[in-house]
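Predicted model only: the values in this text are computed from it and were never measured. Just follow the structure's listing: the first ligand is 1, and inside any ligand the first atom is 1.
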Amino acid sequence: MQQQLAQLVATARQESASVTTRAELEAFKARVVGPHGSLTQVMKGMATLSKEDRPVVGKLINEAKKAVEEILAALLQKVEDAEIASALSAPLDPTLPSPDAPAGNLHPLSRTRERILNSFRKLGFTVAEGPEVETEWYCFDALNTPGDHPARDMQDTLYLPKTFRSADAPRRQEEAMLLRTHTSSVQVRTMLSRRPPFRIVAPGRCFRRDAVDATHSANFHQVEGLWIDRGVTLADLRGVLDFFVKETFGADAEIRLRPSFFPFTEPSFEMDLRSPNLGRLSNRWLEIMGCGLVDPKVLELCGLDPQEWSGLAFGLGLERIAMLVHGIDDIRHFYQNDVRFLRQFA
Ligand code: FA5
């Protein structure tokens, strides 16, 4: 047995000298350690040995196995070195343009945002923006939500350690700063900086201390809408929202306004949508935004005379719309940057 194994290793070493390619290496490996390989056959013979012989022969087989493994490792190294050398010796033209970088595509939230903004642009709305780090006054007080108002509890957020000396927040000299909880702060900034009439939509990032689940994120996006003019009515609100929903979800989509409460609109509504084009959610009423007529108190706080001016406002969740449009069942997909998910929107 000892001789047989020594012979086997010697033959393997000899044959290995002629192996140069990966295919030859695989064939060689099969001849020695494959299911019908020479070493495998010897190992199978162990079963026929007596109890006393087994440990002795087992030791010899292990030594032979180790020697064969070393031969195979050296061969693999030799084959890989040869492959690299061959790749490097291929003619190289450094003047050729580099291969095109793979084309990316817009993130589904960006696509949905553009789609939403485009529908409102058709109605004469322009895009406005405001900061994500806001003062308490713009985010709450000017929206008729003073510090002790219960509505603040529903929108808890991160307060920054710094305070801010605000020139245009008339009531306070120093204010707390926070991560805005909704884009409604842009309503205030717009009313203070522009002369009505105007119609704006304000997309942007919002932050809330909400527990994360399939439909909630602590960091999400909204699109705010504000139309200030003389004689704006609920009929205008309904007309604008109906147009938007039909543009986004198809001509068969319908809306429903359900009475609700927001401190900055009066009356206030939750707007529900129903459409036959929403897969398993088809023909069910789905809540997608808050809306209402601008509360006269807010107009006053923003320096507009409520006797002259009136307005409508709405705020929708961008993720929720994107989820409906694309049939996405978990909001967390949007932030994980998994290319398998993102590529589907190319
Ligand atoms: C507001 O934020 C109001 N500012 C909306 C508004 C504007 C009302 C103008 C009236 C006039 P609400 O808290 O319901 O309302 O949020 C609006 C939308 O934001 C929700 O319908 C939802 O789509 C989205 N949203 C709220 N919280 C989260 C969250 N944690 N994750 C994802 N989306 C959220």
Side-chain angles (χ1 to χ4, degrees), residues 109 112-113 116 120 125 128 130 134 138-145 149-158 178-191 199-228 232 234 236-238 240-241 244-245 248 255-273 285-299 302 310-325 328-335:
L109 289 178
T112 309
R113 183 194 60 216
I116 292 172
F120 288 112
F125 284 74
E134 254 310 355
Y138 284 106
C139 196
F140 293 123
D141 299 40
L143 288 163
N144 201 21
T145 319
H149 197 291
R152 282 216 188 183
D153 294 344
M154 280 137 73
Q155 297 195 9
D156 196 12
T157 181
L158 278 176
L178 46 78
L179 298 184
R180 71 175 173 195
T181 56
H182 52 181
T183 42
S184 299
S185 50
V186 188
Q187 287 190 33
V188 179
R189 290 190 171 269
T190 312
M191 284 189 264
R199 298 170 206 188
I200 57 111
V201 266
R205 193 184 289 250
C206 305
F207 309 83
R208 285 189 198 178
R209 192 175 168 276
D210 281 353
V212 175
D213 61 21
T215 52
H216 291 85
S217 171
N219 172 356
F220 59 100
H221 300 78
Q222 289 186 340
V223 177
E224 191 79 10
L226 176 70
W227 176 356
I228 300 285
V232 176
L234 273 182
D236 296 311
L237 179 67
R238 224 196 130 83
V240 166
L241 298 182
F244 156 67
V245 159
T248 311
I255 64 165
R256 174 173 84 176
L257 295 182
R258 243 178 330 107
S260 181
F261 174 78
F262 294 100
F264 35 92
T265 44
E266 180 59 36
S268 303
F269 304 94
E270 293 291 347
M271 195 208 84
D272 299 337
L273 143 84
W285 285 113
L286 306 162
E287 180 183 315
I288 60 166
M289 71 169 89
C291 59
L293 295 183
V294 180
D295 193 307
K297 184 85 201 304
V298 174
L299 293 171
C302 296
S310 50
L312 61 84
F314 53 88
L316 57 88
L318 186 58
E319 280 82 353
R320 302 271 174 87
I321 303 278
M323 287 168 83
L324 287 175
V325 168
I328 296 164
D329 57 6
D330 196 315
I331 197 168
R332 288 165 285 204
H333 288 309
F334 289 121
Y335 318 115

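- Heavy-atom minimum distance, Cys291 versus Met271: SG-CB, 4.3 Å.
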*Kindly determine whether Leu286 and Leu324 satisfy side-chain contact (heavy atoms from CB on, under 4.5 Å), including the steps that lead there.*
CA-CA 9 Å; Leu286 306 162; Leu324 287 175; 3.6 Å; yes

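- Here the CZ atom belonging to Arg238 is positioned 11.0 Å from the CZ atom belonging to Arg256, to the nearest 0.5 angstrom.
- Here the heavy atom of the protein found nearest to atom 21 (O) of ligand 1 is Ile288 O, 3.8 Å.
- Under the 4.5 Å side-chain criterion, counting only non-hydrogen atoms from C-beta, Thr112 is not in contact with Glu319.
- Checking Ser260, Ser217, Cys206, Gly311 against atom 29 (C) of ligand 1, the nearest heavy atom belongs to Ser217.
- The ligand atoms of ligand 1 that sit less than 4.0 angstrom from a heavy atom of Phe264 are 3 (C), 4 (N), 6 (C), 7 (C), 8 (C), 9 (C), 10 (C), 11 (C).
- Atom 16 (O) of ligand 1 has Gln222 NE2, 3.3 Å as its closest protein atom, hydrogens excluded (heavy atom only).
- For the atom pair OG1 of Thr145 and CE of Met154, the computed distance is 10.0 Å after rounding to the nearest 0.5 Å.
- Within the listing of ligand 1, atoms 32 (C) sit less than 4.0 angstrom from a heavy atom of Ile331.
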*asked:* side-chain hydrogen bond (donor to acceptor under 3.5 Å, both in side chains), that's the test. Do His333 and Asp330 meet it? Break it down for me.
replied: CA-CA 6 Å; His333 288 309; Asp330 196 315; 5.4 Å; no

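- With a 4.5 Å cut-off on side-chain heavy atoms, Phe244 and Phe125 do not count as touching.
- In terms of protein heavy-atom proximity, atom 22 (C) of ligand 1 is nearest to Arg320 NH1, 3.3 Å.
- Among all non-hydrogen protein atoms, the one lying nearest atom 15 (O) of ligand 1 is Phe262 CE2, 3.4 Å.
- Of all atoms in ligand 1, numbered sequentially from 1 with element shown, those under 4.0 Å from a heavy atom of Cys291 are 8 (C), 10 (C), 11 (C).
- If you look at His182 and Phe262, their ring centroids are not closer than 6.0 Å.
- At the shortest separation from atom 9 (C) of ligand 1 among protein heavy atoms lies Glu224 OE2, 3.3 Å.
- At least one heavy atom of Gln187 sits closer than 4.0 Å to an atom of ligand 1.
- Looking at every heavy atom in both residues, Leu109 comes nearest to Leu318 through O-CD2, 3.7 Å.
- Ligand 1 has an N or O atom lying under 3.5 Å from an N or O atom of His182, backbone or side chain.
- Short contacts between ligand 1 and Thr215, defined as distances under 4.0 Å to a heavy atom of the residue, involve ligand atoms 31 (N), 32 (C).
- The distance from ligand 1 to the heavy atoms of Gly317 drops below 4.0 Å at these ligand atoms: 18 (C), 19 (O), 23 (O), 24 (C).
- Taking every non-hydrogen atom of Ala313 and a distance limit under 4.0 Å, the qualifying atoms of ligand 1 come out as 9 (C), 11 (C).
- Atom numbering of ligand 1 starts at 1 in the shown order; those under 4.0 Å from a heavy atom of Gln155 are 2 (O), 13 (O).
- For ligand 1, one of its N or O atoms has an N or O atom of Ser184 under 3.5 Å away.
- Under the 6.0 Å cut-off for aromatic ring centres, Phe314 and Phe120 qualify, their centroids lying closer than that.
- Applying the 4.0 Å criterion to heavy atoms of Phe314 picks out, from ligand 1, the atoms 7 (C), 9 (C), 11 (C).
- A cation-pi arrangement, defined by a distance under 6.0 Å to the six-membered ring centre and an angle within 45 degrees of its axis, is absent between Arg180 and Phe207.
- In terms of protein heavy atoms, atom 25 (N) of ligand 1 is closest to Phe220 CE1, 3.4 Å.
- Taken from CZ in Arg199 to CG in Leu226, the straight-line distance is 11.5 Å, to the nearest 0.5 Å.
- If you check which protein heavy atom lies closest to atom 12 (P) of ligand 1, you get Arg208 NH2, 3.9 Å.
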